[in-house]
Amino acid sequence: MRRRLGSGLLAALLLFGPLAATRLAQPMAAIAASSPDPPGWTLTWSDEFDGPAGAPPDSSKWNHETGGSGWGNGQLEYDTSSTSNAALDGQGHLIITSRYENPGGYQCWYGNCVITSARLDTSDHFSQAYGRFEIRAKIPRGLGMWPSFWIVGTDILQVGWPQAGELDVMENDGRQPELNYGSLHGPVLPSGGHLYLSATYGLPPGQAFADAYHTYTLDWSPTALTWYVDGNPYETRTIADVPNGYWVFNHPFVIVLETAVGGNWPGSPDPTTVFPQQMLVDYVRAYQANRIALLRINAASADSRGGTAVQLCTDVGVGQDVGFINAGAWLKYTGVNFGSGATSVHARVASGAPAGQAGTVQLRVDSQTGPVIGSLQVSSTGGWQSWQTIGATVNAPSGVRDLYITFTSGQSGYFTNLAWLTFGPQPPGAVTGVTASSSGPGQATLTWTAPTDDGGSPIVGYIIYSWPEVSSGLLFTSNPSSMVIGGLTSGTYYTFIVAPINAVGWGPWSLMTAWVLVT
């Protein structure tokens, strides 16, 4: 429900006085945290809040956002950097405390502030595109309380909200203590508009999220988002849910953690709301999905990139590609598992650059200037969405390493788009130059040019399909470039297509069809 650009109205200032400010919300005992490495994921960032009681949040991980502007939502609190509002408890928790007080004479958008709280973010410390974002927390309770854990695009200061994108993982309205909201905020078009999609996860009747610790999770891939509470999925959004395909969830986001009080959505506290109120946070963690080099790595899933942009892709099953690539651009993929190593790589590319070699895709490990383990040569494919698979040999290391892709070119301007890449043997590419000629009574000679890409595994033979069918219609030869086919009917036209085979499987059928009138 969070809206960054709304105008706030003060519904009811807290005139009920300090009488409700004397009861302290008691924290629950800590429950052991779950494993930091769930199957299929690699931990990339976390805060377990281990430290002495009274210590502030780790300044190498968190920034304090301070002020009483209302944050575009008409919120009542003044967010401070004081340990009175955000501090460790010495038992592995961060406690964000909302207090009915104004010890510093703070001024809010409505005048003299009446409540203090805290708002933290990871800007300049941590950001990530895609992966799993998770918090385990026990939230506050009461009318007007608005705890939340969300992520927002790193470019918010440049493009504004909602153009930067926002994903709310944990968000609770104090009027609905049994519901957690998972929400998506984005633009309808690049020029503006607000797209809001949301769903709720509800506890059984009589229960409230403030009663106990719960785990709130968002899984984010280049084309889909799934929300969970305590491991239970309750909402999925995909690129198909976004009007006009304007999907802005394709670049790094930072984490925001706060307890707001009052505002346009939850309304104001009333005398039934007990202060101080506390949110106890057991941990905040971010993961990346494990990447297997022998499986497809979507180019748009890069953890970080430079000199590129993510865009919609017309290739079947891809969703998004990385485009607008020129010399000097780069991509980084954290934690790629190469297994025992690989000797081949394949990539799906499209290029509308002028004919001839357009540029080189260099594969490196460990850093942008790390050793080159292989290079792919990109030529024009006839268009920026005309996709082709190209291959090359590589000397990929074993084990888990960071993969970097760098781009070089002898020409200025964009030279390629990249959809995906994969290491290890693949089916071979297509043969070319298929021709057929009559070579005697009831006989034809078929010739072709072997594919330039053997898929990283030697081609063991070729399958030929004839129409009308000869025998079963499928013929096999181990000859690398020709086959004499007998047993044909004189005076009949025959057509032939050819496909190569390696140890992995068949390559595609030849695009060219050879035909001949048999004598």
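No hydrogens, no waters, no symmetry mates; every other heavy atom, side chains included, goes into these values.
- Side-chain atoms of E235 and Y228 form no donor-acceptor pair, as typed in the model, at a separation below 3.5 Å.
- The main-chain N or O of T432 is never found under 3.5 Å from a side-chain atom of S510 such that the two would form a donor-acceptor pair.
- Interatomic distance, R237 CZ to L167 CG, rounded to the nearest 0.5 Å: 11.5 Å.
- Distance alone, capped at 3.5 Å, is enough to place a donor-acceptor pair between the Q385 side chain and the T314 backbone.
- Counting only heavy atoms from C-beta outward, the side chains of C313 and W387 approach each other to under 4.5 Å.
- No donor-acceptor pair under 3.5 Å is formed between the side chain of E65 and the backbone N or O of A118.
- The aromatic rings of F133 and W220 sit tilted, their planes meeting at an angle between 30° and 60°.
- Aromatic ring orientation, W330 versus Y404: tilted (interplanar angle from 30° to 60°).
- If you take CG on D47 and CD1 on I135, they are separated by 10.5 Å, rounding to the nearest 0.5 Å.
- The shortest side-chain heavy-atom distance between Q377 and I390 does not fall under the 4.5 Å cut-off.
- A donor-acceptor contact shorter than 3.5 Å is absent between the side chain of K61 and the backbone of D121.
- At a threshold of 4.5 Å between non-hydrogen side-chain atoms, the residues Q362 and F407 do not count as touching.
- In this structure, the separation between CD on E171 and CD1 on I139 is 10.5 Å, given to the nearest 0.5 Å.
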Applying ring-ring contact (aromatic ring centres under 6.0 Å, His included) to Y181 and W265, what does each step give before you reach the verdict?
CA-CA 12 Å; Y181 283 78; W265 184 42; 5.0 Å; yes
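- Pairs passing the salt bridge (Lys or Arg N to Asp or Glu O under 4.0 Å) check and including a residue from residues 217-231, sequence neighbours excluded, read R132-D219.
- Residues W227 and Y234 keep their aromatic ring centres 6.0 Å or farther apart.
- The side chain to side chain contact (heavy atoms under 4.5 Å, CB included) check on V254 picks up T122, S123, S127, V152, T154, with sequence neighbours excluded.
- Counting heavy atoms from C-beta outward, V431 and V434 have side chains that approach closer than 4.5 Å.
- Contact of the V322 side chain with the W420 side chain is not registered, since no non-hydrogen atoms from C-beta on lie closer than 4.5 Å.
- At a threshold of 4.5 Å between non-hydrogen side-chain atoms, the residues W515 and F496 do not count as touching.
- Residues Y333 and N298 share a closest heavy-atom pair of CE2-O, 3.7 Å.
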With side chain to side chain contact (heavy atoms under 4.5 Å, CB included) as the criterion, how do S301 and Y130 come out once you've worked through the C-alpha distance, each side chain's angles and the decisive distance to 0.1 Å?
CA-CA 7 Å; S301 71; Y130 315 118; 4.2 Å; yes
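- Of the possible donor and acceptor atoms, none in the side chain of Q411 sits under 3.5 Å from a partner among the backbone N and O of A327.
- By the 30° and 60° cut-offs, the orientation of the rings of W448 relative to Y462 is tilted.
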Test salt bridge (Lys or Arg N to Asp or Glu O under 4.0 Å) on D282 and R136; report intermediate values, then the result.
CA-CA 5 Å; D282 185 20; R136 184 171 179 271; 2.5 Å; yes
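- Atoms OG and CD, on S380 and Q388 in that order, are 8.5 Å from each other to the nearest 0.5 Å.
- Here the straight-line distance linking atom CG of N326 with atom OG of S412 works out to 9.0 Å at 0.5 Å rounding.
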Given side chain to side chain contact (heavy atoms under 4.5 Å, CB included), test V460 with N502 step by step and report yes or no.
CA-CA 5 Å; V460 297; N502 66 10; 5.6 Å; no
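- In the model, T447 has a side-chain atom that pairs as donor or acceptor with a side-chain atom of T435 under 3.5 Å.
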Distance-only donor-acceptor pairs under 3.5 Å for side chains of residues 342-349, two or more places apart:
from	atom 1	to	atom 2	distance (Å)
S344	OG	G424	O	3.0
H346	NE2	D453	OD1	3.0
H346	NE2	D453	OD2	2.9
R348	NE	D315	OD2	2.8
R348	NH1	T389	OG1	3.0
R348	NH2	D315	OD1	3.3

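- Here the closest non-hydrogen pair linking T259 and S117 is O-OG, 2.7 Å.
- Atom CG in L197 sits 6.5 Å away from atom CG in D241 (nearest 0.5 Å).
- Taking 4.5 Å as the limit, every side-chain heavy atom of P266 sits out of range of all side-chain heavy atoms of M145.
- Between Y216 and F209, the two ring planes are tilted [angle within 30° to 60°].
- Here the closest non-hydrogen pair linking L76 and C108 is O-SG, 3.8 Å.
- For the pair D402/V336, no side-chain contact is recorded, criterion being any heavy-atom separation below 4.5 Å from C-beta on.
- Taking the six-membered ring for Trp and the full ring otherwise, H194 and W161 have centroids separated by under 6.0 Å.
- With H185 as the partner, the ring-ring contact (aromatic ring centres under 6.0 Å, His included) test is satisfied by one option alone out of Y196, F249, F253: Y196.
- Although no hydrogens or angles enter the test, the distance criterion places no donor-acceptor pair under 3.5 Å between the side chain of N417 and the main chain of I325.
- Defined by atom type and a distance below 3.5 Å, a donor-acceptor pair is missing between the side-chain atoms of H64 and D79.
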Start with the C-alpha gap between E77 and R119, add the side-chain angles, then the distance that decides, and say whether salt bridge (Lys or Arg N to Asp or Glu O under 4.0 Å) holds.
CA-CA 10 Å; E77 85 283 353; R119 172 172 166 139; 5.9 Å; no
